[in-house]
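Worksheet for the structure shown next.
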Amino acid sequence: MLLRTALTTAATLGTGKAASARAAAREREIEARFPPEGNILDVGGIPVHGVVRGTGPDLVLIHGASGNVRDFTFALMGALAPRFRVLAFDRPGLGYTGRTNPSYDAPFSTRAETPLEQAQLLKDAAAQLDAPAPLVLGHSFGGTIALAWALLGGPRALVLTGAAAMVWPGGLGPAYALLGSALGGGLVAPGLTATISEDYVRRAVDRTFRPNPVPDGYEDHLGAMLTLRRRSLRANARQLQTLKPQIRQMQRGYGDLTLPIEWLHGTADETVPARIHAHPFARLVPQTNLTMLDGIGHMPHHSAPDAVLAAIDRAASRAG
């Protein structure tokens, strides 16, 4: 569907000034509707958007692909704030965080931040907020970044929900392949930014939650349209398209991890299947406590929040 829309849009609008002007206007509208919820930190010259709430042990939350910190400010941060000092960051190129290298923003490119680059940036941001050794929770692609952070050193414990950790068979589909390519990023992304409908975005959110319902008010709060900005479309697609070889490299270091790991995964998650990621990782890293959630899809922090809160408490206890 997205591939067909992209090609139709490019044919209709073209790839020049008209598409860019409409895209820029759409981006201004989106950012006016969904402004930053926290503060923009200067981390070595890179803007990093972070939201901090609560008091207690430090806990960093890292969102997944196509996301931003609003995924956590909807409900999870409020539930955790009475017991933890919770820090949530936008990942590079998404939300209101910049790129770790200016060349990654080039319209005609395929380059993007590695998980280790992303983890280093967020680690530095947390240290700037006096959280040098936090608990770290990562969801989906955010789980990959949490694992990269653990490989760098620093987290007291990890909580992984629906995390991508192992090499998977096949690709990610033609839409990501197109947008992750140099021509797709340069020529197709502006047309998509200008024309993709909110209904399309809502249907995408619904698919992410399946088979569970989307919580009331979540779609209006999330600001998923932020991912439709040209910079974010390119960042998201390029990071995903370059992820598999990076995970292959990361897997070589998993056996050296010694920190406590709590992993939650839905049995109905077909976005990041447990049979490919959770179970092989738990066999490889024995200190992983894997909890399978019956009937839960890819969003356990919304669909099974009590189980996630319990896992966070277990991780904190295991970390001392």
Side-chain angles (χ1 to χ4, degrees), residues 30-31 33-40 48-54 59-81 84 86-97 115 118-119 121-122 125-126 134-146 149 158-164 198 200-210 212-229 232-233 235-236 239-240 264-266 269 271-272 293 296-309 311-312:
I30 292 168
E31 291 177 352
R33 287 176 59 192
F34 303 104
E37 292 192 301
N39 295 319
I40 306 296
V48 176
H49 176 222
V51 178
V52 182
R53 294 180 183 172
L59 169 63
V60 171
L61 308 179
I62 309 176
H63 66 81
S66 304
N68 62 73
V69 295
R70 288 172 172 266
D71 182 44
F72 296 124
T73 61
F74 176 71
L76 186 61
M77 290 189 78
L80 290 165
F84 294 90
V86 192
L87 304 86
F89 298 109
D90 285 330
R91 292 197 295 104
L94 300 171
Y96 288 94
T97 291
Q118 296 190 53
L121 178 65
L122 301 188
L135 304 171
V136 178
L137 179 148
H139 169 245
S140 194
F141 198 147
T144 313
I145 308 309
W149 192 334
L158 298 185
V159 179
L160 306 175
T161 63
E198 292 199 39
Y200 178 88
V201 175
R202 288 181 181 275
R203 290 194 298 272
V205 172
D206 290 345
R207 288 194 297 272
T208 302
F209 271 83
R210 288 177 186 169
N212 311 118
V214 180
D216 290 342
Y218 175 80
E219 291 168 320
D220 292 330
H221 176 85
L222 177 62
M225 301 291 287
L226 288 167
T227 308
L228 294 183
R229 295 170 300 170
S232 294
L233 278 173
N236 193 57
Q239 289 170 6
L240 286 166
L264 297 98
H265 218 111
D269 186 349
T271 303
V272 180
L293 304 172
I296 298 298
H298 189 54
M299 302 292 278
H301 51 303
H302 296 291
S303 304
D306 289 344
V308 173
L309 294 175
I312 293 169

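When all heavy atoms are compared, the tightest approach of G93 to S232 is O-OG, 2.8 Å. Between A65 and F141, the shortest heavy-atom distance links the atoms N-CB, 3.6 Å. Scanning all heavy atoms of the two residues, the minimum distance from V308 to P300 falls at CG2-O, 3.6 Å. The minimum heavy-atom distance between T227 and S66, with the atom names listed, is OG1-O, 2.9 Å. Contact record, V51 with T73: CG1-CG2, 4.2 Å, taken as the closest heavy-atom pair. Between D71 and L222, the shortest heavy-atom contact is N-CD1, 3.7 Å.
Between the side chain of H139 and the backbone N or O of M299 there is no donor-acceptor pair closer than 3.5 Å. Listed for the H49 side chain is a donor-acceptor partner under 3.5 Å among the backbone atoms of E37. At distances below 3.5 Å, not a single donor-acceptor pair connects side-chain atoms of R210 with backbone N or O atoms of H298. Judged by distance alone, with hydrogens and angles left aside, the side-chain atoms of Q239 form a donor-acceptor pair with the main-chain N or O of P92 at under 3.5 Å. Between the side chain of N68 and the main chain of D90, no donor-acceptor pair closer than 3.5 Å is present. In this structure, the side chain of H63 engages the main chain of R91 through a donor-acceptor pair within 3.5 Å.
Within the 4.5 Å cutoff, side-chain heavy atoms of I145 are placed close to those of P115. A 4.5 Å side-chain heavy-atom check between L122 and V60 finds every atom pair outside the cut-off.
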*Starting from the C-alpha separation in whole Å, work towards a yes-or-no answer on side-chain contact (heavy atoms from CB on, under 4.5 Å) for L226 and I30.*
CA-CA 6 Å; L226 288 167; I30 292 168; 3.7 Å; yes
*Please test F89 against L121 for side-chain contact (heavy atoms from CB on, under 4.5 Å), starting from the C-alpha separation and ending with a verdict.*
CA-CA 10 Å; F89 298 109; L121 178 65; over 6 Å; no
*Is there a side-chain contact (heavy atoms from CB on, under 4.5 Å) between L61 and L76 once you walk through the steps?*
CA-CA 10 Å; L61 308 179; L76 186 61; 4.2 Å; yes
*Trace of the side-chain contact (heavy atoms from CB on, under 4.5 Å) decision for T144 with Q118*: CA-CA 10 Å; T144 313; Q118 296 190 53; over 6 Å; no
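We find the CD1-OG1 distance between I62 and T161 to be 10.5 Å, quoted to the nearest 0.5 Å. With values rounded to the nearest 0.5 angstrom, H302 atom NE2 is found 10.5 Å from T208 atom OG1. In this structure, CG on L158 lies 9.0 Å from CG on L135, to the nearest 0.5 angstrom. To the nearest 0.5 Å, atoms CG (D216) and NE2 (H221) are separated by 14.5 Å.
Judged as a ring pair (Phe, Tyr, Trp, His ring centres under 6.0 Å), and not counting sequence neighbours, the contacts of F72 are H301. The salt bridge (charged side-chain N to carboxylate O under 4.0 Å, His left out) check on R202 picks up E219, D220, with sequence neighbours excluded. Residues passing the salt bridge (charged side-chain N to carboxylate O under 4.0 Å, His left out) test with R53, sequence neighbours excluded: none.
Other residues, nucleotides and ligands contribute more than 12 heavy atoms inside 6.0 Å of the CG atom of D206.
Using cut-offs of 30° and 60° for the angle between ring planes, the F209 and Y218 rings count as perpendicular.
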